[in-house]
Amino acid sequence: MKLLPYNQEGYQLLHDGSLCFSLMEQNGIRMDVAHLKHEYKNIGKEIQEKENEINVLKEIKIWKEKYKSKFNLDSDAQLADILFNELKHEAIKLTDTGNPSVDQEALKALNSPFANLILRYRKLFKIRNTYLKGLIKETYNEYLHPSINVHTTRTYRSSANSPNIQNQPTRDPEAGEVIRKAFIPREGNYLVCADYGGIEVKMACVMHQDPTMLKYLRNPTTADMHSDFACLLFKMDDIDQSIKGEKTLRAGTKNSFTFPQFYGDYYGNNAIGLWKWMGLTSKKINPKEGVKIRDDITIAQHLINNGIRNYKQFENNVKLIEEDMWKRRFPVYKQWRENQYKTYLKKGFVTTLSGFVCQGLMDKNATINYPIQGLAFHCLLWSCIQLTNKILKQRKMKTKLIFQVHDEIVADVPQEEYDDYLELLKETMVHDLLKHWSFINMPLELEVDRSELNGNWFETETVLHYIH
DNA sequence: GGAACTCGCCAC
DNA sequence: AAACGTGGCGAGTTCC
(Lines give C-alpha, C1' and ligand atoms only; values in the text may rest on other atoms or scores of the structure.)
Protein backbone atom coordinates (compact mmCIF):
# COMPACT_ATOMS: atom_id res chain seq x y z
CA MET A 1 0.00 0.00 0.00
CA LYS A 2 1.52 3.25 -1.13
CA LEU A 3 0.73 6.45 0.68
CA LEU A 4 0.33 9.29 -1.75
CA PRO A 5 -0.70 12.92 -1.44
CA TYR A 6 -3.09 13.78 -4.24
CA ASN A 7 -2.32 17.49 -4.25
CA GLN A 8 -0.29 20.21 -2.54
CA GLU A 9 -2.80 20.46 0.28
CA GLY A 10 -2.36 16.80 1.15
CA TYR A 11 1.39 17.09 1.08
CA GLN A 12 1.37 20.18 3.30
CA LEU A 13 -0.94 18.52 5.81
CA LEU A 14 1.44 15.59 6.32
CA HIS A 15 4.49 17.84 6.36
CA ASP A 16 3.08 20.20 8.99
CA GLY A 17 1.45 17.30 10.79
CA SER A 18 4.76 15.46 11.14
CA LEU A 19 6.40 18.55 12.63
CA CYS A 20 3.47 19.10 14.97
CA PHE A 21 3.46 15.51 16.22
CA SER A 22 7.20 15.54 16.60
CA LEU A 23 6.80 18.48 18.95
CA MET A 24 4.15 16.53 20.87
CA GLU A 25 6.60 13.65 21.20
CA GLN A 26 9.21 16.03 22.58
CA ASN A 27 6.76 17.55 25.04
CA GLY A 28 5.97 14.17 26.55
CA ILE A 29 3.43 13.08 29.12
CA ARG A 30 4.11 13.36 32.83
CA MET A 31 3.75 10.01 34.57
CA ASP A 32 3.19 9.05 38.19
CA VAL A 33 5.99 6.51 38.40
CA ALA A 34 5.34 5.63 42.03
CA HIS A 35 1.75 4.76 41.12
CA LEU A 36 2.91 2.58 38.21
CA LYS A 37 5.36 0.64 40.36
CA HIS A 38 2.90 0.28 43.21
CA GLU A 39 0.21 -1.06 40.89
CA TYR A 40 2.68 -3.36 39.14
CA LYS A 41 3.39 -5.02 42.49
CA ASN A 42 -0.23 -4.95 43.55
CA ILE A 43 -1.58 -6.55 40.39
CA GLY A 44 1.29 -9.04 40.57
CA LYS A 45 0.05 -10.19 43.95
CA GLU A 46 -3.50 -10.52 42.64
CA ILE A 47 -2.24 -12.55 39.68
CA GLN A 48 -0.44 -14.89 42.09
CA GLU A 49 -3.62 -15.28 44.14
CA LYS A 50 -5.63 -16.17 41.06
CA GLU A 51 -2.98 -18.69 40.02
CA ASN A 52 -3.23 -20.30 43.43
CA GLU A 53 -7.00 -20.50 43.18
CA ILE A 54 -6.84 -21.96 39.69
CA ASN A 55 -4.19 -24.49 40.66
CA VAL A 56 -6.43 -26.47 43.01
CA LEU A 57 -9.19 -27.01 40.45
CA LYS A 58 -9.78 -30.42 38.90
CA GLU A 59 -9.27 -29.07 35.38
CA ILE A 60 -5.66 -28.15 36.23
CA LYS A 61 -4.99 -31.67 37.45
CA ILE A 62 -5.98 -33.02 34.05
CA TRP A 63 -4.03 -30.27 32.28
CA LYS A 64 -0.82 -30.96 34.26
CA GLU A 65 -1.10 -34.71 33.83
CA LYS A 66 -1.23 -34.29 30.08
CA TYR A 67 1.41 -31.58 29.59
CA LYS A 68 3.73 -32.37 32.54
CA SER A 69 6.67 -29.97 32.48
CA LYS A 70 5.29 -28.19 29.42
CA PHE A 71 2.20 -27.10 31.35
CA ASN A 72 1.68 -23.37 30.75
CA LEU A 73 -1.30 -21.46 32.06
CA ASP A 74 -0.72 -18.81 29.41
CA SER A 75 -0.97 -21.19 26.47
CA ASP A 76 -4.32 -20.86 24.70
CA ALA A 77 -3.51 -23.90 22.56
CA GLN A 78 -3.12 -26.08 25.66
CA LEU A 79 -6.25 -24.60 27.21
CA ALA A 80 -8.28 -25.34 24.07
CA ASP A 81 -6.95 -28.90 24.01
CA ILE A 82 -7.98 -29.50 27.63
CA LEU A 83 -11.42 -27.93 27.30
CA PHE A 84 -12.48 -29.35 23.97
CA ASN A 85 -10.54 -32.62 23.64
CA GLU A 86 -10.10 -33.83 27.22
CA LEU A 87 -13.19 -32.38 28.90
CA LYS A 88 -15.36 -32.70 25.77
CA HIS A 89 -16.90 -29.26 25.98
CA GLU A 90 -18.57 -28.12 22.80
CA ALA A 91 -16.74 -25.35 20.97
CA ILE A 92 -19.14 -22.46 20.44
CA LYS A 93 -16.86 -20.54 18.09
CA LEU A 94 -13.74 -20.98 16.00
CA THR A 95 -10.71 -18.80 15.42
CA ASP A 96 -9.82 -17.41 11.97
CA THR A 97 -7.77 -20.51 11.28
CA GLY A 98 -10.57 -22.86 12.28
CA ASN A 99 -9.38 -23.91 15.72
CA PRO A 100 -11.76 -23.84 18.69
CA SER A 101 -11.62 -20.40 20.27
CA VAL A 102 -10.90 -19.78 23.94
CA ASP A 103 -11.54 -16.05 23.87
CA GLN A 104 -13.68 -14.15 26.34
CA GLU A 105 -16.95 -15.02 24.65
CA ALA A 106 -16.12 -18.72 24.43
CA LEU A 107 -15.01 -18.95 28.06
CA LYS A 108 -18.01 -17.00 29.32
CA ALA A 109 -20.28 -19.48 27.59
CA LEU A 110 -18.76 -22.33 29.61
CA ASN A 111 -19.99 -20.59 32.76
CA SER A 112 -17.69 -22.61 35.05
CA PRO A 113 -15.56 -21.49 38.02
CA PHE A 114 -12.48 -22.59 36.06
CA ALA A 115 -13.34 -20.55 32.97
CA ASN A 116 -14.27 -17.52 35.05
CA LEU A 117 -10.99 -17.66 36.99
CA ILE A 118 -9.02 -17.87 33.74
CA LEU A 119 -10.81 -14.77 32.49
CA ARG A 120 -10.03 -12.91 35.70
CA TYR A 121 -6.40 -14.03 35.52
CA ARG A 122 -6.14 -12.93 31.88
CA LYS A 123 -7.52 -9.49 32.60
CA LEU A 124 -5.02 -8.88 35.41
CA PHE A 125 -2.22 -10.28 33.25
CA LYS A 126 -3.11 -7.88 30.46
CA ILE A 127 -3.14 -4.88 32.79
CA ARG A 128 0.25 -5.77 34.21
CA ASN A 129 2.17 -7.16 31.25
CA THR A 130 0.86 -5.03 28.40
CA TYR A 131 0.06 -1.72 30.03
CA LEU A 132 1.94 -1.26 33.33
CA LYS A 133 5.07 -2.98 32.03
CA GLY A 134 5.04 -0.97 28.80
CA LEU A 135 4.52 2.33 30.56
CA ILE A 136 7.29 1.67 33.08
CA LYS A 137 9.66 0.59 30.33
CA GLU A 138 9.06 3.71 28.23
CA THR A 139 9.04 6.32 30.99
CA TYR A 140 12.29 8.32 31.33
CA ASN A 141 12.79 10.95 34.02
CA GLU A 142 9.08 10.83 34.82
CA TYR A 143 8.02 11.52 31.22
CA LEU A 144 6.58 9.30 28.53
CA HIS A 145 7.30 10.08 24.87
CA PRO A 146 5.17 7.81 22.69
CA SER A 147 5.93 7.70 18.96
CA ILE A 148 3.19 8.98 16.69
CA ASN A 149 3.30 7.88 13.04
CA VAL A 150 1.57 9.51 10.07
CA HIS A 151 2.83 7.14 7.37
CA THR A 152 1.74 3.67 8.50
CA THR A 153 -1.97 3.27 7.81
CA ARG A 154 -3.91 2.60 4.66
CA THR A 155 -6.58 5.06 5.74
CA TYR A 156 -4.29 8.06 6.40
CA ARG A 157 -5.07 7.91 10.07
CA SER A 158 -2.14 8.01 12.52
CA SER A 159 -0.79 5.15 14.58
CA ALA A 160 1.25 5.11 17.79
CA ASN A 161 3.81 2.88 19.45
CA SER A 162 6.28 2.61 22.33
CA PRO A 163 3.86 2.57 23.96
CA ASN A 164 0.68 2.71 21.94
CA ILE A 165 -0.86 5.80 23.52
CA GLN A 166 -4.00 5.27 21.45
CA ASN A 167 -5.27 2.14 23.20
CA GLN A 168 -4.96 2.90 26.89
CA PRO A 169 -7.89 1.22 28.74
CA THR A 170 -10.98 3.25 29.56
CA ARG A 171 -14.13 1.19 29.00
CA ASP A 172 -13.31 -1.31 31.71
CA PRO A 173 -13.47 0.85 34.86
CA GLU A 174 -11.03 -1.32 36.82
CA ALA A 175 -8.33 -1.30 34.12
CA GLY A 176 -9.08 2.34 33.33
CA GLU A 177 -8.48 3.39 36.91
CA VAL A 178 -5.21 1.51 37.35
CA ILE A 179 -3.76 2.80 34.09
CA ARG A 180 -5.19 6.28 33.59
CA LYS A 181 -4.37 7.39 37.13
CA ALA A 182 -0.72 7.15 36.10
CA PHE A 183 -1.15 9.93 33.53
CA ILE A 184 -0.81 13.27 35.31
CA PRO A 185 -0.45 16.94 34.36
CA ARG A 186 2.61 19.02 35.08
CA GLU A 187 2.66 20.84 38.43
CA GLY A 188 -0.10 23.46 38.62
CA ASN A 189 -1.79 22.15 35.47
CA TYR A 190 -4.91 20.43 34.20
CA LEU A 191 -5.13 17.65 31.62
CA VAL A 192 -7.63 18.86 29.03
CA CYS A 193 -9.12 16.33 26.58
CA ALA A 194 -11.01 17.74 23.59
CA ASP A 195 -12.80 15.40 21.23
CA TYR A 196 -14.93 15.78 18.13
CA GLY A 197 -18.43 14.31 18.41
CA GLY A 198 -19.44 11.94 15.62
CA ILE A 199 -16.75 13.20 13.27
CA GLU A 200 -16.69 10.05 11.10
CA VAL A 201 -20.44 10.05 10.52
CA LYS A 202 -20.19 13.75 9.65
CA MET A 203 -17.32 13.33 7.20
CA ALA A 204 -19.18 10.48 5.53
CA CYS A 205 -22.16 12.79 5.16
CA VAL A 206 -19.94 15.54 3.77
CA MET A 207 -19.18 13.15 0.93
CA HIS A 208 -22.52 11.47 0.27
CA GLN A 209 -24.82 14.43 1.19
CA ASP A 210 -27.78 12.19 1.91
CA PRO A 211 -30.68 14.54 2.76
CA THR A 212 -32.06 12.40 5.59
CA MET A 213 -28.65 12.10 7.22
CA LEU A 214 -28.08 15.82 6.75
CA LYS A 215 -31.32 16.48 8.59
CA TYR A 216 -30.18 14.35 11.52
CA LEU A 217 -26.81 16.02 11.71
CA ARG A 218 -28.18 19.54 11.37
CA ASN A 219 -30.70 19.06 14.17
CA PRO A 220 -28.66 17.32 16.84
CA THR A 221 -30.82 18.53 19.72
CA THR A 222 -34.16 17.48 18.26
CA ALA A 223 -33.37 14.47 16.06
CA ASP A 224 -31.59 11.30 17.18
CA MET A 225 -30.75 8.64 14.64
CA HIS A 226 -29.91 5.93 17.17
CA SER A 227 -33.17 6.37 19.08
CA ASP A 228 -35.12 6.24 15.83
CA PHE A 229 -33.48 2.96 14.82
CA ALA A 230 -33.94 1.56 18.34
CA CYS A 231 -37.70 2.22 18.04
CA LEU A 232 -37.85 0.30 14.78
CA LEU A 233 -35.67 -2.59 15.96
CA PHE A 234 -37.48 -3.07 19.27
CA LYS A 235 -40.95 -2.01 18.11
CA MET A 236 -41.26 0.93 20.47
CA ASP A 237 -42.98 4.30 20.00
CA ASP A 238 -40.13 6.30 21.46
CA ILE A 239 -37.01 5.98 23.58
CA ASP A 240 -36.94 7.64 26.99
CA GLN A 241 -33.27 7.89 27.89
CA SER A 242 -34.09 8.66 31.51
CA ILE A 243 -35.21 5.03 31.81
CA LYS A 244 -32.09 2.93 32.28
CA GLY A 245 -33.21 -0.03 30.16
CA GLU A 246 -34.26 2.17 27.26
CA LYS A 247 -30.94 4.00 27.36
CA THR A 248 -29.25 0.60 27.13
CA LEU A 249 -31.35 -0.27 24.08
CA ARG A 250 -30.28 2.96 22.39
CA ALA A 251 -26.61 2.26 23.18
CA GLY A 252 -27.02 -1.27 21.84
CA THR A 253 -28.54 0.08 18.64
CA LYS A 254 -25.64 2.48 18.16
CA ASN A 255 -22.93 -0.11 18.88
CA SER A 256 -24.48 -3.23 17.35
CA PHE A 257 -26.55 -1.85 14.50
CA THR A 258 -26.01 1.69 13.24
CA PHE A 259 -22.21 1.92 13.33
CA PRO A 260 -21.53 -1.66 12.20
CA GLN A 261 -23.95 -1.06 9.30
CA PHE A 262 -21.94 2.01 8.31
CA TYR A 263 -18.77 -0.09 8.33
CA GLY A 264 -20.38 -2.67 6.09
CA ASP A 265 -21.84 -5.21 8.50
CA TYR A 266 -25.18 -6.98 7.96
CA TYR A 267 -28.32 -7.86 9.92
CA GLY A 268 -27.17 -11.37 10.89
CA ASN A 269 -24.32 -10.11 13.04
CA ASN A 270 -26.37 -7.15 14.24
CA ALA A 271 -29.16 -9.38 15.55
CA ILE A 272 -26.73 -11.45 17.65
CA GLY A 273 -25.27 -8.29 19.16
CA LEU A 274 -28.64 -6.69 19.84
CA TRP A 275 -29.89 -9.88 21.51
CA LYS A 276 -27.02 -9.61 24.00
CA TRP A 277 -27.56 -5.90 24.60
CA MET A 278 -31.17 -6.73 25.51
CA GLY A 279 -29.80 -9.04 28.18
CA LEU A 280 -31.14 -12.23 26.59
CA THR A 281 -28.93 -15.25 27.21
CA SER A 282 -30.29 -17.97 24.94
CA LYS A 283 -31.87 -18.04 21.52
CA LYS A 284 -35.06 -19.28 23.12
CA ILE A 285 -36.84 -16.13 24.24
CA ASN A 286 -37.56 -15.99 27.97
CA PRO A 287 -40.18 -13.36 28.91
CA LYS A 288 -38.64 -13.00 32.37
CA GLU A 289 -35.25 -12.00 30.92
CA GLY A 290 -33.89 -8.77 29.52
CA VAL A 291 -33.57 -5.12 30.48
CA LYS A 292 -36.60 -3.44 32.00
CA ILE A 293 -38.30 -0.76 29.95
CA ARG A 294 -41.17 1.56 30.91
CA ASP A 295 -43.98 0.19 33.12
CA ASP A 296 -41.36 -2.20 34.49
CA ILE A 297 -41.81 -4.87 31.83
CA THR A 298 -38.90 -6.78 30.32
CA ILE A 299 -37.86 -6.13 26.73
CA ALA A 300 -38.46 -9.84 26.06
CA GLN A 301 -42.08 -9.56 27.22
CA HIS A 302 -42.47 -6.38 25.19
CA LEU A 303 -41.23 -8.13 22.04
CA ILE A 304 -43.58 -11.07 22.64
CA ASN A 305 -46.47 -8.62 23.08
CA ASN A 306 -45.53 -7.17 19.70
CA GLY A 307 -45.45 -10.44 17.82
CA ILE A 308 -41.76 -11.34 18.08
CA ARG A 309 -41.79 -14.70 19.82
CA ASN A 310 -38.37 -16.11 19.02
CA TYR A 311 -34.87 -15.19 17.86
CA LYS A 312 -35.56 -15.99 14.23
CA GLN A 313 -38.45 -13.53 14.19
CA PHE A 314 -36.27 -10.89 15.83
CA GLU A 315 -33.51 -11.44 13.29
CA ASN A 316 -36.04 -11.09 10.53
CA ASN A 317 -37.13 -7.75 11.94
CA VAL A 318 -33.51 -6.57 11.99
CA LYS A 319 -33.32 -7.58 8.34
CA LEU A 320 -36.40 -5.51 7.54
CA ILE A 321 -34.97 -2.49 9.38
CA GLU A 322 -31.68 -2.87 7.49
CA GLU A 323 -33.61 -2.71 4.22
CA ASP A 324 -35.60 0.25 5.48
CA MET A 325 -32.38 1.98 6.51
CA TRP A 326 -30.66 1.80 3.16
CA LYS A 327 -33.56 1.75 0.70
CA ARG A 328 -35.98 4.19 2.27
CA ARG A 329 -34.04 6.35 4.72
CA PHE A 330 -30.57 6.73 3.20
CA PRO A 331 -30.92 5.98 -0.53
CA VAL A 332 -28.44 8.71 -1.49
CA TYR A 333 -25.90 7.38 0.99
CA LYS A 334 -26.44 3.89 -0.47
CA GLN A 335 -25.88 5.18 -4.00
CA TRP A 336 -22.70 6.96 -2.94
CA ARG A 337 -21.37 3.68 -1.55
CA GLU A 338 -22.03 1.95 -4.84
CA ASN A 339 -20.36 4.80 -6.71
CA GLN A 340 -17.24 4.63 -4.53
CA TYR A 341 -16.73 1.02 -5.46
CA LYS A 342 -17.49 1.66 -9.14
CA THR A 343 -14.97 4.50 -9.19
CA TYR A 344 -12.34 2.23 -7.70
CA LEU A 345 -13.03 -0.54 -10.20
CA LYS A 346 -12.77 1.93 -13.05
CA LYS A 347 -9.83 4.08 -11.95
CA GLY A 348 -8.00 1.85 -9.49
CA PHE A 349 -8.17 4.36 -6.64
CA VAL A 350 -10.42 6.63 -4.62
CA THR A 351 -9.45 9.96 -3.02
CA THR A 352 -10.01 11.82 0.23
CA LEU A 353 -11.28 15.40 0.34
CA SER A 354 -8.15 16.26 2.33
CA GLY A 355 -5.97 15.48 -0.70
CA PHE A 356 -4.87 11.84 -0.63
CA VAL A 357 -5.09 8.77 -2.82
CA CYS A 358 -6.34 5.43 -1.47
CA GLN A 359 -5.03 2.74 -3.76
CA GLY A 360 -3.84 -0.85 -3.85
CA LEU A 361 -6.02 -3.93 -3.45
CA MET A 362 -9.23 -2.94 -1.72
CA ASP A 363 -12.56 -4.63 -1.22
CA LYS A 364 -15.80 -2.70 -1.40
CA ASN A 365 -15.90 -1.81 2.28
CA ALA A 366 -12.37 -0.44 2.08
CA THR A 367 -13.19 1.90 -0.79
CA ILE A 368 -16.02 3.27 1.33
CA ASN A 369 -14.38 3.35 4.74
CA TYR A 370 -10.82 4.55 4.05
CA PRO A 371 -11.68 8.00 2.69
CA ILE A 372 -14.09 8.54 5.58
CA GLN A 373 -11.62 7.55 8.29
CA GLY A 374 -8.86 9.54 6.64
CA LEU A 375 -10.84 12.74 6.29
CA ALA A 376 -12.18 12.45 9.85
CA PHE A 377 -8.66 12.13 11.22
CA HIS A 378 -7.44 14.99 9.06
CA CYS A 379 -9.94 17.29 10.78
CA LEU A 380 -8.07 16.54 13.98
CA LEU A 381 -4.65 16.76 12.37
CA TRP A 382 -5.43 20.18 10.93
CA SER A 383 -6.67 21.33 14.34
CA CYS A 384 -3.51 20.08 16.05
CA ILE A 385 -1.36 22.07 13.63
CA GLN A 386 -3.37 25.27 14.04
CA LEU A 387 -3.52 24.94 17.83
CA THR A 388 0.22 24.44 18.05
CA ASN A 389 0.87 27.49 15.89
CA LYS A 390 -1.43 29.67 17.95
CA ILE A 391 -0.09 28.44 21.26
CA LEU A 392 3.53 28.96 20.32
CA LYS A 393 3.62 31.87 17.93
CA GLN A 394 0.65 34.08 18.53
CA ARG A 395 0.05 33.68 22.22
CA LYS A 396 3.36 32.40 23.62
CA MET A 397 1.45 30.15 25.98
CA LYS A 398 2.92 27.42 28.19
CA THR A 399 0.13 24.99 27.29
CA LYS A 400 1.49 21.85 25.59
CA LEU A 401 -0.30 19.40 23.34
CA ILE A 402 0.88 16.00 24.57
CA PHE A 403 -0.92 13.38 22.48
CA GLN A 404 -3.84 12.64 20.19
CA VAL A 405 -6.25 9.71 19.79
CA HIS A 406 -7.83 9.91 16.31
CA ASP A 407 -10.60 12.35 17.26
CA GLU A 408 -9.30 13.65 20.59
CA ILE A 409 -6.54 16.11 21.52
CA VAL A 410 -5.01 15.99 24.99
CA ALA A 411 -3.16 19.00 26.37
CA ASP A 412 -1.29 19.84 29.55
CA VAL A 413 -2.63 23.25 30.54
CA PRO A 414 -1.46 25.66 33.27
CA GLN A 415 -4.34 26.76 35.49
CA GLU A 416 -3.96 30.41 34.46
CA GLU A 417 -4.17 29.52 30.75
CA TYR A 418 -7.17 27.25 31.05
CA ASP A 419 -9.87 29.80 30.05
CA ASP A 420 -7.84 30.97 27.07
CA TYR A 421 -7.17 27.42 25.94
CA LEU A 422 -10.87 26.56 26.07
CA GLU A 423 -11.62 29.52 23.79
CA LEU A 424 -8.79 28.47 21.51
CA LEU A 425 -10.31 24.99 21.22
CA LYS A 426 -13.73 26.29 20.20
CA GLU A 427 -12.24 28.77 17.76
CA THR A 428 -9.87 26.28 16.15
CA MET A 429 -11.59 22.90 16.21
CA VAL A 430 -15.01 24.26 15.28
CA HIS A 431 -15.03 27.75 13.73
CA ASP A 432 -11.70 27.78 11.93
CA LEU A 433 -12.12 24.27 10.56
CA LEU A 434 -15.58 25.10 9.21
CA LYS A 435 -14.04 28.07 7.41
CA HIS A 436 -11.01 26.12 6.20
CA TRP A 437 -13.01 23.26 4.72
CA SER A 438 -16.19 24.93 3.55
CA PHE A 439 -17.46 21.61 2.23
CA ILE A 440 -18.36 20.78 5.85
CA ASN A 441 -21.98 21.87 5.63
CA MET A 442 -23.22 20.81 9.06
CA PRO A 443 -22.50 21.72 12.70
CA LEU A 444 -19.44 20.35 14.46
CA GLU A 445 -19.50 19.14 18.05
CA LEU A 446 -16.77 19.55 20.59
CA GLU A 447 -16.68 17.85 23.99
CA VAL A 448 -14.06 18.85 26.52
CA ASP A 449 -13.21 16.84 29.62
CA ARG A 450 -10.84 18.17 32.26
CA SER A 451 -8.90 16.59 35.10
CA GLU A 452 -8.67 18.13 38.53
CA LEU A 453 -5.84 20.57 39.14
CA ASN A 454 -2.78 18.34 39.63
CA GLY A 455 -5.20 15.46 39.06
CA ASN A 456 -5.02 12.56 36.60
CA TRP A 457 -6.44 11.17 33.37
CA PHE A 458 -8.88 8.86 35.14
CA GLU A 459 -10.76 11.41 37.19
CA THR A 460 -12.10 13.93 34.68
CA GLU A 461 -15.33 15.84 34.28
CA THR A 462 -17.03 17.27 31.23
CA VAL A 463 -16.55 21.02 31.22
CA LEU A 464 -17.89 21.87 27.79
CA HIS A 465 -20.29 20.51 25.20
CA TYR A 466 -20.16 22.88 22.26
CA ILE A 467 -22.18 22.61 19.05
CA HIS A 468 -21.95 25.09 16.21
C1' DG B 1 18.11 -17.21 18.51
C1' DG B 2 15.26 -14.59 15.50
C1' DA B 3 11.43 -14.16 11.92
C1' DA B 4 6.82 -15.02 11.04
C1' DC B 5 2.86 -16.66 12.45
C1' DT B 6 -1.57 -17.24 15.70
C1' DC B 7 -4.47 -15.69 19.28
C1' DG B 8 -6.44 -12.56 22.26
C1' DC B 9 -7.51 -7.86 23.62
C1' DC B 10 -6.92 -2.79 24.21
C1' DA B 11 -8.41 1.81 21.64
C1' DC B 12 -11.21 4.78 18.00
C1' DA C 1 -23.37 -14.34 -2.65
C1' DA C 2 -21.45 -12.85 1.42
C1' DA C 3 -21.33 -10.43 5.33
C1' DC C 4 -17.33 -5.11 10.46
C1' DG C 5 -13.34 -0.48 9.23
C1' DT C 6 -8.31 1.01 11.38
C1' DG C 7 -4.30 0.17 14.40
C1' DG C 8 -0.24 -2.02 18.40
C1' DC C 9 1.46 -5.44 21.24
C1' DG C 10 2.32 -9.49 24.68
C1' DA C 11 2.73 -14.31 24.76
C1' DG C 12 2.89 -18.78 22.69
C1' DT C 13 4.27 -21.42 18.80
C1' DT C 14 6.59 -22.98 14.63
C1' DC C 15 10.11 -22.91 11.48
C1' DC C 16 14.67 -22.13 9.79
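Side-chain atoms are counted along with the backbone in the values below, which use heavy atoms only and exclude waters and symmetry mates. Nothing here was measured: the structure is a model prediction, and the numbers come from that model.
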Nearest-neighbour nucleotide for the [X] side chain, [options] considered:
{"X": "A:N99", "options": "C:dT13, B:dG8, B:dC7", "result": "B:dC7"}
{"X": "A:H406", "options": "C:dT13, B:dC12, B:dC7", "result": "B:dC12"}
{"X": "A:T152", "options": "B:dC7, C:dG8, B:dC12", "result": "C:dG8"}
{"X": "A:N129", "options": "B:dT6, C:dG5, C:dA11", "result": "C:dA11"}

Contact class for [X] vs. all strands (heavy atom < 4.0 Å): base, sugar-phosphate, or nothing?
{"X": "A:G268", "result": "nothing"}
{"X": "A:A175", "result": "nothing"}
{"X": "A:P260", "result": "base"}
{"X": "A:R171", "result": "base"}
{"X": "A:Q261", "result": "nothing"}
{"X": "A:N369", "result": "sugar-phosphate"}
{"X": "A:K133", "result": "sugar-phosphate"}
{"X": "A:F125", "result": "sugar-phosphate"}
{"X": "A:Q168", "result": "sugar-phosphate"}

Think A:R154 has a side-chain N or O under 4.0 angstrom from the OP1 or OP2 of C:dG7? yes
Counting just side-chain N and O atoms, does A:T130 come under 4.0 Å of either OP1 or OP2 of B:dC10? no
Side chain proximity check, A:P146 to A:F403, heavy atoms < 4.5 angstrom: no
Beyond-backbone contact of A:L444 with A:M429, side-chain heavy atoms, under 4.5 angstrom: no
Map A:S162 and A:R157 onto DNA chain C by nearest heavy atom, then report which one ends up closer to the 5' terminus. A:R157
Tell me if the OH atom of A:Y11 is crowded by more than 12 foreign heavy atoms within 6.0 Å. no
Test for a donor-acceptor pair under 3.5 Å between the base of B:dC10 and the side chain of A:K126, counting only N and O atoms. no
Regarding C:dG7, can its base be found pairing with the side chain of A:Q166 as donor and acceptor, where the two atoms are less than 3.5 Å apart? no
Where the side chain of A:Y266 meets the backbone of A:E322, is there a donor-acceptor pair that is under 3.5 Å apart? no
Interatomic distance where [atom1] belongs to [X] and [atom2] belongs to [N] [whole Å]:
{"X": "A:L94", "N": "B:dC7", "atom1": "CG", "atom2": "P", "value": "10 Å"}
{"X": "A:N167", "N": "C:dG5", "atom1": "CG", "atom2": "P", "value": "19 Å"}
{"X": "A:Y131", "N": "B:dA11", "atom1": "OH", "atom2": "P", "value": "6 Å"}

When you measure from the centre of the six-membered ring of A:F377, is the NZ or CZ of A:R157 closer than 6.0 Å and no more than 45° off the axis? no
Donor on one side chain, acceptor on other, A:E200 and A:Y263, under 3.5 Å: yes
